Amino acid sequence: MRMDAFAMGTVPVDGGLATPKLPRAPAVLVHAAKKCYVQGQWILDGLDLTVPEASIYALLGASGCGKTTLLTCMLGLRHLNAGTVRVMGWRPGDPGSGIPGPRVGFMPQELGLSEGFSIRETMIYFGRVAGLPDDVIRQRSNDLLKFLDITAKQSRLLSQLSGGQKQRVSLAVTLLHSPPLLILDEPTVGVDPVLRQNIWDFLVDLTRTSGTTVIITTHYIEEARQANKVGLMRRGKLLDEDDPDAMMAKHNCATLEDVFLNLSIRQEGVQVTTEPSQEAKRPEHQAVERRHIRQAMEQYEKPAQFPQHSNVMACLWRAWLYITRYKWVTAYVVFMPVLCIFVYLFAVGRDPHGLHVAIVNDDSADQCAAGWPGYPTDCEQTAAEQLSCRFLALLKEKHDYILDLFDDMDSARTAVLRGHAWGVLNFPANFSYHMTQRQLYMQDATEADFDGSEADAHIDMSNQYLGNMVRDALFRTTIRFHDDLQKGCNLNPRIGAIPINQLEPVFGNNEPSFQNFALPGVLLCVMYFPAIFYSTANFLEDKLNGVMGRSAAAGVTQFEMLAARAILDCAMNALSTAIVIFITFVVLQFTNNGSYILLSLLMYLQGLCGLSLGYFVASLCPDHYSSTFMGMGIFFLSTFVSGMFWPSQGMHWFVKMLAPFTPMMLSVEGARTILYQSSNPKDIGEGFLATGTWTAATFLATMLIIRWQNKRG
Ligand SMILES: Nc1ncnc2c1ncn2[C@@H]1O[C@H](COP(=O)(O)OP(=O)(O)OP(=O)(O)O)[C@@H](O)[C@H]1O
């Protein structure tokens with residue numbers, strides 16, 4: 001099957017590029033190029049290369065010799081340490097050059113496409129990035145896919161295609177917008193020989209009929225004989241470049257492989273420069289370079305300005321597609337916070353019920369079997385076996401404890417030791433009698449009355465919260481018990497009362513709950529952490545599967561990709577905030593004494609902070625593995641110092657000093673103030689300021705890291 005280069009002419013090739021004035025001027029000029037990733041280890045070591053326009057240039061070399069590095073420098077995705085690259089007269093990356101961008105079609109070695117998208121969606125995305133109208137994209141996609149023998153339906157996901165089919169879709173994406181320069185990094189890998197020949201025929205046709213320049217790398221050296229020019233690369237240098245036949249004749253070899261072998265052996269004999277070459281700095285070389293560049297620049301007029309909004313729109317469309325395609329992920333971000341609130345309501349902060357307490361009641365002969373009596377109206381007639389039973393009745397009634405009766409202290413203690421009860425309460429013999437005596441005679445009561453009216457409590461304090469609850473229950477029951485008793489004995493109940501009147505609280509109520517205490521932190525937490533994990537995973541996925549790099553070659557800046565994603569993420573965050581507010585306060589009826597608007601804004605901002613921190617983590621981390629560790633680290637550190645579980649006032653002075661600079665602490669304080677003490681604008685303001693600063697700072701840092709990584713290349 002053949003596809004003529006006719007289709008190339010039917011599309012606005014490169015956004016209105018000027019046709020070169022002179023034929024076969026260098027489309028790509030590389031001069032004295034030097035590039036290293038590690039200081040002193042030159043991947044490109046003073047390399048010179050010239051690619052004539054409207055020709056096929058095959059760049060050959062052993063694996064790891066720097067071909068991809070050179071190609072990405074031509075694309076402006078990486079920067080040289082020294083030397084010059086000019087592509088169609090422009091320095092790659094110069095504003096208005098269209099490189100990277102619509103003037104070049106780049107097919108990377110790896111797929112560089114989202115496998116979760118269909119063939120059609122992939123074509124639409126890259127077509128739109130190139131500024132093509134949808135009908136042109138459709139038409140050209142059909143032609144290209146037919147030519148490349150992709151029989152699968154265009155609705156098929158890339159993940160459902162074979163390796164070879166993916167490779168061909170990748171080539172179709174590269175050819176889609178008919179750029180004047182094609183850079184193809186091993187496009188024929190995994191393609192059967194017939195189709196491989198078709199591709200070469202197609203490329204030859206393209207250079208002839210459309211004046212397209214093609215730079216291609218391949219491991220099938222002999223197929224490069226169809227190129228107009230071959231460059232043999234080794235150890236960062238170009239060993240030779242020429243017409244393939246001329247090259248074989250020059251070196252007296254029958255195949256290009258032999259030429260390469262000969263030149264490699266010859267290079268072994270030559271001392272390879274590893275230090276930066278001074279050659280390029282010599283005045284005569286600089287003059288040559290300037291002349292070359294000037295000539296190259298003169299061949300090309302300034303290209304038309306390319307529409308930037310098409311990039312953003314394409315990215316927005318892709319991000320939207322992502323949201324609708326990965327519904328589970330989207331549902332996770334939107335509904336996970338609500339689910340957390342539900343679980344929080346039912347799992348955290350409720351008072352434990354049905355706690356067992358072991359009772360040894362030596363005051364009552366039948367262990368209160370006669371029931372839980374009321375108070376005697378005549379205090380003098382108090383029968384033994386009544387007051388201890390009354391105390392236990394109050395304890396049970398108010399605190400819903402299960403009282404397990406034991407005959408002796410040993411068995412009661414054993415029950416506690418075995419974890420069957422949270423404490424032992426022991427009433428001594430004649431407790432009721434001595435208690436009555438103590439009430440009646442007060443000052444004149446005997447030591448025996450005082451001793452005999454004291455019950456002993458042994459509480460299991462291994463669980464601080466439950467131990468304190470049992471202690472608090474005994475304490476409160478005692479107050480009520482005394483109060484009732486004094487009334488029963490016609491005494492002034494104020495005698496035994498605690499001399500502090502706890503009046504209406506300034507904020508909150510007299511029965512503060514842990515659930516309310518932790519709620520502000522939980523609300524911010526559920527907005528914050530899912531957002532971090534979501535944005536990290538998304539951003540990293542695009543980075544690792546090469547979509548980001550490939551989009552960058554198509555002219556989409558990482559800022560545009562990030563911005564498009566951020567816009568939709570912000571929308572999802574807003575939706576999630578609204579749902580959480582509605583469920584928490586309208587459906588589940590949690591208390592909010594403050595402004596819903598302020599609380600919503602703070603929660604929304606905390607979500608943004610999470611998204612932004614996620615981008616930051618993803619920009620730093622090289623893989624999902626490290627990002628997971630970093631995410632978990634942030635989660636634990638932020639949570640512990642957030643004041644969500646423990647008031648910041650109780651933190652160690654050093655942690656307390658650092659905590660306000662963490663992403664959640666001040667916002668938790670702010671949210672708590674909004675919810676329960678809306679009259680303190682300082683705390684609220686600090687909450688907004690801290691979260692806003694973190695959001696802005698991490699976003700800015702992400703942009704700087706991306707720029708730095710691009711520069712470092
Ligand atoms: N980002 C990077 N950081 C550090 N080293 C890198 C980076 N990218 C490439 N290299 C190293 O640079 C050298 C050249 O790599 P490059 O990918 O350009 O080779 P290549 O000729 O394209 O190889 P292949 O034919 O196998 O694709 C290799 O040794 C590689 O390990």
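Worth saying up front: this structure is predicted, and the values here are computed from it rather than measured. Read the numbers this way: they start at 1 and go in the same order the structure lists the ligands and their atoms.
- When C65, G64, G66, G236 are checked for heavy-atom proximity to atom 28 (C) of ligand 1, G64 turns out nearest.
- Shown are R325, R156, R128; of these, the salt bridge (charged side-chain N to carboxylate O under 4.0 Å, His left out) with E121 is made only by R325.
- At least one heavy atom of E186 sits less than 4.0 Å from an atom of ligand 1.
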Could you list the donor-acceptor pairs under 3.5 angstrom formed by side chains in residues 698-706, with sequence neighbours left out?
{"residue": "T698", "atom": "OG1", "partner": "S612", "partner atom": "OG", "Å": "2.8"}
{"residue": "T698", "atom": "OG1", "partner": "W694", "partner atom": "O", "Å": "2.6"}
{"residue": "T698", "atom": "OG1", "partner": "T695", "partner atom": "O", "Å": "3.2"}
{"residue": "T702", "atom": "OG1", "partner": "F616", "partner atom": "N", "Å": "3.3"}
{"residue": "T702", "atom": "OG1", "partner": "T698", "partner atom": "O", "Å": "2.6"}

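- Ring pair F147/F202: centre-to-centre distance below 6.0 Å.
- In the candidate list L70, T218, D185, T69, T69 is nearest to atom 16 (P) of ligand 1, counting heavy atoms.
- Among T68, V38, L44, the residue whose heavy atom lies closest to atom 17 (O) of ligand 1 is T68.
- Checking side-chain atoms of S210 against main-chain N and O of T207 turns up no donor-acceptor pair under 3.5 Å.
- Near H219, the atoms of ligand 1 lying under 4.0 angstrom from a non-hydrogen atom of the residue are 25 (O).
- For ligand 1, the atoms closer than 4.0 angstrom to any heavy atom of Q109 are 24 (P), 27 (O).
- Relative to the six-membered ring of Y322, R565 meets both conditions, a distance below 6.0 Å and an angle of at most 45° to the axis.
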